[in-house]
**Q** 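One structure coming up, written as structure tokens, with questions to follow.
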Amino acid sequence: MKAKALMILITFARAFNAMNRRMNPTRSSSKSISAESLTLRSNSESANGASSRVPSLRRKRLKQEVLEPVAKDSSSSHKELCGVLPDIENLSYKKTNLSPRESKLNSYVKSTEASTSASSSMRTAGRPPENWEKVLEGIRKMRSPEEATVDPVNCDRTGSFLPPKERRFYVLIGTLLSSQTKDHVTGAAVERLRLNGLLTPEAIDQADESTIRELIYTVGFYTRKATNVKKVAKICLTKYDGDIPRSLEELLSLPGVGPKIAHLVLHIAWNDVQGICVDTHVHRICNRLGWVTKPGTKQKTSSPEETRVALQQWLPKEEWVAINFLLVGFGQKICTPLRPRCGVCSISELCPSAFKETPIKSSKLTKSIKSKEV
């Protein structure tokens, strides 16, 4: 039976080779099946008892026969084998079949082009918004009948009754305490320090931190601020001979001093205007008016510092000092954080956010509505 099966295989192989030569005479040598290979394979398999391995061995042999050697003088094949990336000029035209390294380089080129276009849009971000002068004049008229609580406190915070060096330190400490605190509370805390003789760097350096905490306990974060006040007094004594820093960078290096405090101190103490003082009121109102956006986008700024940078790109420098006092008072009286009074605002027709913030329902009204529904 085995001999008969072997003869059938040999006959089939010869017929296949003859047909292959007739159909494709040039490539018959590479795809022909020799009877001798079938004979040897059959004998070895029958000897080892592994006839089940015939299909897998045959597939491996056929794959080896189909493969063709790579030409040595082919530069493109050599580059692909060595992993050399194509030129960037050619890469931009290859939309498909990119290797992982090519895809990574392509995405890098695209991101570079995107950042370049973003920087180009930043150059045009200094264009002032429409009707900003009318809006500012309207706010100025609304602010003239009554002063906000911040105005007299800021005037008193200048310490005009003190000698120059002491006055500057007075300004620094008062502004440092004003963060996250209402202005009348800050003014009262500064006055308590003054009445106890603790508004000079020498006196604060010698005083106990607990004493300073007791005198400023009404301000926000008074424990941390008491620590910062002690550190600031020490730095002013050892590094500036009892005076305060004169540059923006040196002021920002003091504990508890951020951009808003640094710009305000630089203006009041040294009469040096290098930037706009932006607090939560200025940040909120500028975004409501559509005066500021993130660079290259139409999104609102997410921090007072972003607002300051965006606002300084187009607002004339002669308005940098007045803008803070105008918008802070306007934000305390009319454009409040919750439920802004758009009905009494004279610039509501020019404000893109007017009447868009609905009042929050009180808890009693909500409970009564739910009880009626039940």
Side-chain angles (χ1 to χ4, degrees), residues 118-144 147-148 150-151 153-154 157 171 175 178-180 183 247-249 251-252 257-337 340 342 345-354 356-357:
S119 62
S120 300
S121 62
M122 286 176 64
R123 296 189 194 99
T124 61
R127 188 170 54 190
E130 294 181 2
N131 301 318
W132 72 271
E133 292 174 319
K134 292 182 180 179
V135 171
L136 199 59
E137 184 62 26
I139 294 174
R140 190 175 283 113
K141 288 180 179 178
M142 284 186 286
R143 288 285 295 109
S144 58
E147 291 182 345
V150 68
D151 294 342
V153 176
N154 274 332
R157 204 181 293 167
V171 169
T175 310
S178 67
S179 176
Q180 302 290 323
D183 296 282
S247 69
L248 184 65
E249 292 76 16
L251 283 170
L252 289 171
V257 176
K260 176 210 167 184
I261 294 175
H263 284 291
L264 190 59
V265 170
L266 203 62
H267 166 229
I268 298 176
W270 296 107
N271 196 24
D272 184 7
V273 180
Q274 292 191 20
I276 302 172
C277 300
V278 177
D279 63 357
T280 56
H281 293 288
V282 179
H283 171 61
R284 177 182 72 256
I285 295 169
C286 285
N287 276 286
R288 281 178 176 174
L289 292 173
W291 281 3
V292 291
T293 55
K294 290 185 177 181
T297 68
K298 294 183 178 180
Q299 300 177 0
K300 295 181 177 181
T301 55
S302 56
S303 67
E305 180 61 14
E306 284 187 359
T307 299
R308 182 187 67 81
V309 174
L311 194 60
Q312 288 178 184
Q313 289 182 354
W314 62 267
L315 187 68
K317 195 169 184 178
E318 56 267 20
E319 298 286 355
W320 286 12
V321 176
I323 192 71
N324 178 268
F325 299 106
L326 283 174
L327 294 189
V328 168
F330 179 63
Q332 289 178 344
K333 296 295 182 180
I334 298 177
C335 197
T336 52
C342 299
C345 179
S346 63
I347 61 167
S348 59
E349 294 181 357
L350 301 174
C351 177
S353 304
K356 290 186 178 180
E357 297 186 24

**Q** When you measure from the side chain of Arg308 to the backbone of Lys260, do you find a donor-acceptor pair of N or O atoms at a distance under 3.5 Å?
**A** no
**Q** Thr293: which residues meet the side chain to side chain donor-acceptor pair (under 3.5 Å) condition with it, sequence neighbours left out?
**A** none
**Q** Is Asn324 close to His263 at the side-chain level, that is, under 4.5 Å between some pair of heavy atoms?
**A** no
**Q** Taking only residues two or more places apart in sequence, or in another chain, which ones meet Arg288 in a salt bridge (Lys or Arg N to Asp or Glu O under 4.0 Å)?
**A** Glu357
**Q** Are Ile347 and Leu289 close enough that some pair of their side-chain heavy atoms sits under 4.5 Å apart?
**A**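 In contact.
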**Q** So how far is it from Asp279 CG to Ser179 OG, rounded to the nearest 0.5 Å?
**A**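 The distance works out to 10.0 Å.
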**Q** Look only at the side chain of Lys356 and the backbone of Pro352, and say whether a donor-acceptor pair between them is shorter than 3.5 Å.
**A**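 Confirmed, Lys356 side chain pairs with Pro352 backbone.
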**Q** Just so I know, are the side chains of His283 and Thr301 near enough to count as touching, which here means a heavy-atom distance under 4.5 Å?
**A**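 SC-SC contact between His283 and Thr301 confirmed.
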**Q** How long is the straight-line distance from NZ of Lys294 back to OG of Ser303, given to the nearest 0.5 Å?
**A**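 Answer for the OG-NZ pair, Ser303 versus Lys294, is 8.0 Å.
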**Q** Determine whether Glu319 and Arg140 satisfy the following criterion, salt bridge (charged side-chain N to carboxylate O under 4.0 Å, His left out), listing intermediate values before the conclusion.
**A** CA-CA 12 Å; Glu319 298 286 355; Arg140 190 175 283 113; 3.4 Å; yes
**Q** Nearest heavy-atom pair of Ala354 and Cys342: which atoms, and what distance?
**A** CA-SG, 4.0 Å
**Q** How long is the span from the CE atom in Met142 to the CD1 atom in Ile334, to the nearest 0.5 Å?
**A**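 Met142 CE to Ile334 CD1: 4.5 Å, rounded to 0.5 Å.
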**Q** Side chains of residues 267-277: which donor-acceptor partners sit under 3.5 Å, not counting sequence neighbours?
**A**
residue: Trp270; atom: NE1; partner: Pro245; partner atom: O; Å: 2.9
residue: Asp272; atom: OD2; partner: Gln274; partner atom: NE2; Å: 3.0

**Q** How long is the straight-line distance from OG of Ser346 back to NZ of Lys134, given to the nearest 0.5 Å?
**A**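 If we round to the nearest 0.5 Å, Lys134:NZ and Ser346:OG are 13.0 Å apart.
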**Q** Flag the pair Pro128 / Leu315 as yes when at least one side-chain heavy-atom distance between them is below 4.5 Å, and no otherwise.
**A**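 No. Closest side-chain heavy atoms not under 4.5 Å.
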